[in-house]
Asker: 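Starting off with a structure, shown below.
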Amino acid sequence: MSEAYYIPSGEATGSKVPAGEYEAIISNIEVTDNNKCGAFIADVFKPVYKLVHPDYNGVEVRDNGLFRCKDKPGYQFKANRNWGFAKFCQILGIDKQENGKITLPYLELDMMDGFNVIININYKSFVNKEGSHVSYPVATLKKKIKEVPF
């Protein structure tokens with residue numbers, strides 16, 4: 001069995017990227033399926049953006065999370081709760097519109113791997129149970145610049 005531990009030194013390593021807009025490449029995506037959100041159920045997608053910047057080149061920042069609410073028996077469903085996910089898909093051009101309805105795909109890395117994009121970085125902060133201030137960067141997709149031609 002492997003060990004797990006925590007060293008309360010307090011300081012994170014690495015450089016802190018200032019809030020603002022940056023060019024980045026979509027390099028990964030983290031997915032959590034079937035999250036219960038009250039009476040709703042959703043898959044949560046967190047794209048990972050690798051910065052393309054002289055001072056922060058290669059630094060990775062995760063999206064705060066895109067909720068794809070599902071119409072599944074036993075749960076409530078409201079299509080308008082998918083507005084953020086729909087906007088993300090529209091920006092990347094991976095949505096499908098038919099008869100006034102936008103079909104939202106299950107996101108996989110190969111659908112957007114290597115896309116050059118502009119993201120906005122902000123910081124989320126809170127005070128944890130120990131009373132320490134915690135702050136971490138989150139990214140929001142603003143626009144697609146281009147995709148890698150393969």
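FYI, the numbering just counts along the sequence from 1. Please read all numbers here as calculations on a predicted model, not as lab measurements.
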Asker: Check the hydrophobic clustering (I, L, V, M, F, W, Y; side-chain heavy atoms under 4.5 Å; chains of links allowed) and say if Y49 and L107 are grouped together.
Answerer: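 Looking at the clustering, L107 is in the same group as Y49.
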Asker: Does the ring of Y123 carry K16 above it, NZ/CZ under 6.0 angstrom from centre and within 45° of its axis?
Answerer: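 Relative to the ring axis of Y123, which defines the angle, K16 lies inside both limits.
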Asker: Between K142 and E21, does any side-chain N to carboxylate O distance fall below 4.0 Å?
Answerer: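 No.
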Asker: Can you confirm whether I102 sits close enough to Q90 that some side-chain heavy atom of one is under 4.5 Å from a side-chain heavy atom of the other?
Answerer: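 Contact flag for I102/Q90 side chains = yes.
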Asker: If you compare all heavy atoms of Q76 against all heavy atoms of F40, which two are closest, and at what distance to 0.1 Å?
Answerer: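 Heavy atoms of Q76 and F40 come nearest at O-CD2, 3.2 Å.
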Asker: Could you tell me whether the side chain of N128 and the main chain of S132 form a donor-acceptor pair under 3.5 Å?
Answerer: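 Indeed, once roles are kept as given, a pair shorter than 3.5 Å links the two residues.
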Asker: Should the pair K144 and F115 be classed as cation-pi, given the thresholds of under 6.0 Å to the six-membered ring centre and 45° from the axis?
Answerer: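 Flagged: K144 positioned over aromatic ring of F115.
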Asker: When you group the ILVMFWY residues by side-chain heavy-atom contacts below 4.5 Å and let the links chain together, are M112 and V44 in the same group?
Answerer: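 No, V44 and M112 fall in different hydrophobic clusters.
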Asker: Could you tell me whether the side chain of D63 reaches within less than 4.5 Å of the side chain of P47, counting heavy atoms only?
Answerer: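 Yes. Closest side-chain heavy atoms under 4.5 Å.
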Asker: Sorted by first residue and then second, give each salt bridge (charged side-chain N to carboxylate O under 4.0 Å, His left out) pair with at least one member in residues 67-90; sequence neighbours left out.
Answerer: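 For residues 67-90: D43-R68, D43-K70.
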Asker: Taking all heavy atoms of Q97 and all of D95, pick out the closest pair and write down the distance.
Answerer: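 Closest approach of Q97 to D95: NE2-OD2, 3.4 Å.
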Asker: Just do the side chain to side chain donor-acceptor pair (under 3.5 Å) check on T103 and E98 with the steps written out, would you?
Answerer: CA-CA 8 Å; T103 302; E98 208 173 283; over 6 Å; no
Asker: Would you call the rings of Y106 and F45 parallel, tilted or perpendicular, where under 30° means parallel and over 60° means perpendicular?
Answerer: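 Because their plane-to-plane angle is over 60°, the rings of Y106 and F45 count as perpendicular.
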